[in-house]
Amino acid sequence: MRVDTATRQARPGHDAHGFLRHLFEMALAMMAGMMVSAAIFLSAVGMTAAEAMREHAVLFVVLQAFGMTVAMVTWMRHRRHTWRSSSEMAAAMVIPAVPLICLRLLDVISGPICGVYCFTTIVAMVVVMLYRRADYGVAASASRPSRLVGRAEELASFAHSERTTARSVTKRQSPRAAPAIRGTPRPQARKSAAAVAGLRRGANDRGRRQ
């Protein structure tokens with residue numbers, strides 16, 4: 001109970017710290033996925049980044065979305081988030097690309113769309129995190145300490161159950177076991193008492209006969 005109370009008292013500060021930490025980690029994961037996918041694509045087409053974004057705007061955004069989604073989901077699973085949270089964050093990376101790609105294919109807009117896409121994914125990520133802020137607080141930033149707290153609670157519960165078991169065993173002990181505990185078995189005590197009584201009766205009989 002003390003562990004639970006301490007956790008509840010420290011939760012607001014830890015929630016804010018965990019939220020900001022997760023936001024920073026997700027931004028780094030997005031950048032890493034974007035850079036890796038861009039490097040692979042630019043090496044394949046033999047173009048600069050500006051040329052690729054202009055000549056292959058749709059394909060470039062598709063690859064960017066794929067790279068950022070893989071990097072983000074991988075990091076979230078490493079941080080022990082659920083598949084639901086990982087899927088929601090993956091959707092935040094993919095959904096913003098759909099209308100941009102459709103507008104670009106229909107020639108409604110022209111030129112590179114990667115910049116707009118990257119900005120909208122950051123906004124979508126923050127919106128998802130705010131909507132699921134309970135999942136991105138202490139659980140996101142302190143998964144290992146939370147496991148230690150859980151382990152401490154398990155040990156405390158085990159110690160409490162051991163004390164309860166010891167008390168119940170002590171209460172269930174029969175008073176008949178007391179002579180055996182003191183080192184004098186009850187059957188031997190009965191035999192000794194019977195022998196003494198027999199000797200007394202024999203002495204009384206001899207006294208009467210005399």
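Residues that satisfy the side-chain hydrogen bond (donor to acceptor under 3.5 Å, both in side chains) test with Ser87, not counting sequence neighbours, are absent from this structure. In this structure Ser85 satisfies the side-chain hydrogen bond (donor to acceptor under 3.5 Å, both in side chains) test together with Thr82, sequence neighbours excluded. In this structure Phe60 satisfies the ring-ring contact (aromatic ring centres under 6.0 Å, His included) test together with Phe41, sequence neighbours excluded. Under the rule for a side chain to side chain contact (heavy atoms under 4.5 Å, CB included), the partners of Leu130 that lie at least two apart in sequence or sit in another chain are Phe19, Val126. Listed by chain and residue number, Cys102 satisfy the side chain to side chain contact (heavy atoms under 4.5 Å, CB included) test with Val98 (two or more places apart in sequence, or in another chain). Ile40 meets the side chain to side chain contact (heavy atoms under 4.5 Å, CB included) test with Val36; sequence neighbours excluded. In this structure Val127 satisfies the side chain to side chain contact (heavy atoms under 4.5 Å, CB included) test together with Val123, sequence neighbours excluded.
Taking CZ of Arg77 as the reference point, atom NE2 of His81 lies at 10.0 Å (rounded to 0.5 Å). Note: Cys114 SG to His56 NE2 = 14.0 Å, rounded to the nearest 0.5 Å. With rounding to the nearest 0.5 Å, the separation of CG in Leu100 from CG in Leu105 is 11.0 Å.
Here the closest heavy-atom approach between residue Ala57 and residue Gly111 is recorded as CB-O, 3.9 Å. Contact record, Pro96 with Thr120: CB-OG1, 3.4 Å, taken as the closest heavy-atom pair. Summarising the geometry of Ala92 relative to Val128, their closest heavy-atom pair is CB-CG2, 4.0 Å, with the distance given to 0.1 Å. Of all heavy-atom pairs spanning Tyr117 and Val61, the tightest one is CG-CG1, 3.9 Å.
Screening residues 88-111 for side-chain hydrogen bond (donor to acceptor under 3.5 Å, both in side chains), with sequence neighbours left out, gives Glu88-Arg132. Among residues at least two apart or in separate chains, side-chain hydrogen bond (donor to acceptor under 3.5 Å, both in side chains) pairs with a member in residues 35-47 are Ser37-Gln64.
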Using atom types as modelled, flag every donor-acceptor pair under 3.5 Å from a side chain in residues 68-75 to any protein atom, sequence neighbours excluded.
from	atom 1	to	atom 2	distance (Å)
Thr69	OG1	Ala65	O	2.7
Thr74	OG1	Val70	O	2.7
Trp75	NE1	Glu25	OE1	3.1

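For the pair Glu51 and Leu42, the minimum side-chain heavy-atom distance is 4.5 Å or more. Inter-residue side-chain proximity for Phe66 and Met93 is flagged as unmet; no heavy-atom pair is nearer than 4.5 Å.
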